[in-house]
Amino acid sequence: MTRLDPSLYIERIKVHKNGKVALDLSFHAGLNIIYGQNSSGKSTILDFLFYVIGGDTPSWQPEAENCDEVVCAIELNGEPVVLRRIIAKKQTERPPIAIFWGTLSESEQSGPLKWQKYPYSRSRDKESYSQVLFRALGIPDLPLDDGSNLTFHQMLRLVYSDQMTPPDVIFRQESFDRQITKEAVGEIACGVFIPESYRTELRIRQLEAEYQEVSEELKNIFSALGHVKDGVNVMSVQSDIKKYSDELNAVSEKIKSLESSEPSSDVTIVNDNRASTGKSLKKLIENESTKKVELEARREFLQFDLNDMKSFIRTIEANYDALLTSDNTQEELGAVAFLYCPACLAPLSQAHSAESCCLCKNPIEVDGRQTHRLRLRRELEMQLAESRKLLKEREKDVYEVEGKIKDTEKHLRKARKEYNQIALSSDSAPNFEVKKAYERRGYLERTIEELNSRLLLAKKITELSQKKAKYKEELSSLQDKRESYRIQMFEQRARASTEISNIAKHMLNVDLDRQDTFRTAKHVGFSFSKDSLSVDGVSRFSASSTVYLKNSFMYALFEASLKDKRFMFPRIIFLDGIEDKGMEVERVHHFQKLIYERSQSYDVRHQIIVTAEKLAPDLQKSELIVGRWFSHERRSLDV
């Protein structure tokens with residue numbers, strides 16, 4: 001059987017209370033029927049399923065609320081995963097989900113350290129369970145235009161058609177509903193959304209902001225420079241700095257020579273206060289110079305560490321991409337079969353099973369290999385997250401050290417200036433020639449300082465100009481891509497709408513003769529953002545016909561995902577309201593048989609989980625029914 005991803009497949013659910021199992025059900029591919037009397041706990045089972053795989057807390061029945069936790073073995077795109085969640089006692093509570101990457105039997109034999117717990121809300125240091133589940137399914141984790149993020153709960157609102165939601169709306173009802181959220185979920189489910197398009201749009205927004213920022217910065221710099229802006233040239237300024245630095249070195253040597261020829265080894269200052277101040281300033285200059293050298297050494301060490309971290313992150317990213325490529329290649333091509341030994345080139349015996357290696361003939365645990373790949377992906381993702389966090393911390397350290405270096409240089413300039421002023425104002429300055437040398441040195445130091453500032457400015461202008469040109473070029477390329485994606489998305493939106501409408505229309509056309517509009521329907525319209533359905537422009541029908549229309553649409557959306565691999569609907573659906581609003585037995589049976597027959601025609605792995613009290617005789621087969629018959633005397637929960 002073919003598997004289209006994203007694929008969420010439920011294998012087994014267990015509910016515990018006081019250390020005992022209150023519910024234990026196994027599920028299968030295709031149609032799953034939860035069969036029993038009304039008010040026997042059938043809907044509670046779907047509530048547990050919805051809740052454990054990421055749905056918000058339902059309005060529990062008392063016996064469900066008194067349970068302790070629910071455990072569910074599932075497959076995410078073919079990979080075995082176990083989810084565990086404590087039962088929240090209030091609807092406002094959103095407990096974390098504990099995830100085990102492996103089978104249920106492996107999870108029961110493993111200690112608590114093998115489980116990873118994820119909260120409802122994301123933070124800087126911790127992913128949410130929605131992020132983890134979306135990534136495991138290959139569904140994009142989307143921030144919306146208003147800055148909020150989609151949750152897995154929002155996707156499940158399109159999977160679970162429950163009894164409490166009015167039948168004239170598409171999404172499972174909740175108190176705070178927004179059109180932007182429903183539209184985004186619908187677009188993703190129908191495969192309209194292209195992940196590359198989203199990344200492109202984000203990059204365009206980022207580039208536009210950065211381009212604007214660079215342009216403003218350049219404008220401000222040129223405005224401040226005024227008439228000298230044309231003279232800010234890196235090479236010219238560097239040449240002037242070298243010329244003045246050479247002269248400064250020569251003047252400093254001259255001062256040292258003149259001072260050494262005098263009886264005293266330092267500048268003689270008659271005034272004791274000036275002498276004391278001069279010594280303090282000289283000591284300060286020495287300390288600040290030493291501090292600057294130490295800070296520069298620290299910066300060099302941090303920069304080396306920073307570059308090393310970047311290299312390490314690139315390596316992890318390359319390994320992660322290689323792992324994804326390997327998974328995709330194996331998915332598309334299957335396992336590689338060698339005809340010849342890669343060491344000696346001798347022909348290899350082809351007499352081996354799919355469960356053994358064609359080279360060494362050792363057994364291969366397919367499920368174990370998949371689980372190992374999934375764990376390896378999670379380890380790489382965690383390494384990447386931690387390394388990127390450390391990288392930001394190291395970048396912050398470098399920034400702080402550079403700030404301290406600038407402060408130290410500022411203190412040095414101030415101390416040298418004050419020291420020179422004391423030396424020049426001394427009544428016992430060596431002679432006129434030394435005074436002039438000090439004046440010249442002060443002038444050269446100020447000039448070099450101004451030139452260094454101008455050099456930084458010149459480099460900044462060059463850097464910003466290059467960035468601006470680079471951003472403009474990349475923007476042009478990305479805007480072309482965006483237009484191409486928009487065309488693809490428009491075409492997919494049309495394809496998806498037509499396919500869903502055609503399936504739903506057929507289901508209405510073959511309905512029992514209860515609603516004239518259905519028998520002659522030509523188009524089923526729907527709007528995710530407005531949460532509405534219509535048939536040939538009409539949206540008001542009898543209560544039972546509204547139920548039939550709602551379930552026909554929900555099934556049509558699900559079936560369309562079995563036909564079109566571009567859909568990001570998880571190929572699973574919960575239908576709990578087929579018998580609502582006075583649906584007569586004959587019509588219920590007709591709908592049940594219709595979805596069973598249609599789903600049977602697909603060789604794509606899927607699950608339809610429905611509840612039923614009025615079950616068509618043709619479907620009263622043990623292989624379709626999940627668990628036992630539930631009654632008022634023997635309810636679903638054994639509590």
Side-chain angles (χ1 to χ4, degrees), residues 43 46-47 49-51 53-59 91 144 146 148 150-190 192 493 496-497 499-505 507-508 511 514-515 517-518 521 523-561 567-570 572-583 587-588 591 595 608-611:
S43 299
L46 291 185
D47 283 344
L49 286 173
F50 170 76
Y51 175 73
I53 59 178
D56 285 356
T57 307
S59 178
Q91 280 192 272
L144 303 176
D146 63 357
S148 62
L150 276 183
T151 63
F152 204 65
H153 161 78
Q154 296 295 347
M155 179 64 72
L156 294 178
R157 290 180 62 206
L158 206 53
V159 169
Y160 183 15
S161 177
D162 68 327
Q163 290 186 24
M164 304 306 293
T165 298
D168 58 347
V169 297
I170 298 172
F171 286 86
R172 184 177 184 271
Q173 192 176 42
E174 60 181 37
S175 301
F176 302 100
D177 223 352
R178 300 181 308 160
Q179 288 191 355
I180 187 174
T181 301
K182 291 182 287 190
E183 183 176 12
V185 171
E187 296 272 86
I188 292 173
C190 292
V192 174
R493 188 179 292 108
S497 297
E499 189 60 54
I500 294 170
S501 178
N502 285 342
I503 296 171
K505 180 188 71 173
M507 297 182 73
L508 298 185
D511 182 23
R514 302 292 184 272
Q515 187 81 43
T517 314
F518 288 4
H523 176 73
V524 175
F526 60 92
S527 169
F528 290 114
S529 62
K530 295 179 181 178
D531 208 4
S532 62
L533 296 168
S534 64
V535 179
D536 295 334
V538 179
S539 57
R540 294 183 65 85
F541 306 99
S542 68
S544 59
S545 291
T546 302
V547 168
Y548 190 94
L549 171 61
K550 161 73 173 287
N551 285 285
S552 295
F553 170 79
M554 298 302 289
Y555 176 82
L557 170 62
F558 161 77
E559 184 180 310
S561 74
F567 273 58
M568 290 191 177
F569 193 81
I572 187 171
I573 191 169
F574 305 160
L575 297 178
D576 188 33
I578 295 175
E579 301 174 12
D580 284 358
K581 306 299 180 185
M583 280 277 285
R587 202 176 189 188
V588 169
F591 185 82
I595 62 174
I608 309 167
I609 303 178
V610 303
T611 58

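- Between A496 and F567 the shortest heavy-atom distance is CB-CZ, 3.6 Å.
- At least one test fails for R514 against the ring of Y548: distance under 6.0 Å to the centre or angle within 45° of the axis.
- With rounding to the nearest 0.5 Å, the separation of CG in D536 from OG1 in T517 is 8.0 Å.
- Partner of L158 under the side-chain contact (heavy atoms from CB on, under 4.5 Å) criterion, chosen from I188, I573, I170: I170.
- In this structure, K182 contributes its side chain and K530 its backbone to no donor-acceptor pair below 3.5 Å.
- The CZ atom of F541 lies 6.0 Å from the CG atom of L549; values are rounded to the nearest 0.5 Å.
- The OG atom of S534 sits 13.5 Å away from atom CZ of R540, with the distance rounded to the nearest 0.5 Å.
- No donor-acceptor pair under 3.5 Å is formed between the side chain of S544 and the backbone N or O of K581.
- The backbone N or O of D576 lies less than 3.5 Å from a partner atom in the side chain of Q163, making a donor-acceptor pair.
- When side chains are defined from C-beta on, L575 counts as touching M554, because their heavy atoms get closer than 4.5 Å.
- Here the closest non-hydrogen pair linking Q179 and S529 is CG-O, 3.2 Å.
- Residues R587 and D511 have side chains in contact (heavy-atom distance under 4.5 Å, counting atoms from C-beta outward).
- Ring centers of Y555 and F591: at least 6.0 Å apart, outside the cut-off.
- The CD atom of Q91 lies 4.5 Å from the OG atom of S59; values are rounded to the nearest 0.5 Å.
- Taking the centre and axis of the six-membered ring of F50, the NZ or CZ atom of R172 falls inside the cone set by 45° and 6.0 Å.
- You'll find the side chain of L156 stays beyond 4.5 Å of the side chain of F574, heavy atoms only.
- For the atom pair CE (M164) and CG (D47), the distance works out to 9.5 Å, reported to the nearest 0.5 Å.
- For the pair F171 and T165, the minimum side-chain heavy-atom distance is 4.5 Å or more.
- Side chains of P570 and V159 form a contact here, defined as non-hydrogen atoms less than 4.5 Å apart.
- Taken from OH in Y160 to CD1 in I572, the straight-line distance is 12.5 Å, to the nearest 0.5 Å.
- With contacts defined as side-chain heavy-atom distances shorter than 4.5 Å, the pair K505/L508 does not qualify.
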Does the pair F518 and S552 meet the rule for a side chain to side chain contact (heavy atoms under 4.5 Å, CB included), with working shown?
CA-CA 11 Å; F518 288 4; S552 295; over 6 Å; no
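- Across every non-hydrogen atom of K550 and P166, the tightest pair is NZ-O, 3.9 Å.
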Do S161 and N551 pass the side chain to side chain contact (heavy atoms under 4.5 Å, CB included) test, and can you show the C-alpha distance, the side-chain angles, and the key distance before you say yes or no?
CA-CA 8 Å; S161 177; N551 285 285; 4.2 Å; yes
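- Between I500 and F553, the shortest heavy-atom contact is CG2-CE1, 3.6 Å.
- Side-chain contact between F526 and L557 is absent, with no heavy-atom pair separated by less than 4.5 Å.
- Between I595 and V610, the closest side-chain pair of non-hydrogen atoms falls below 4.5 Å.
- Closest heavy-atom contact between V547 and I578: CG1-O, 3.8 Å.
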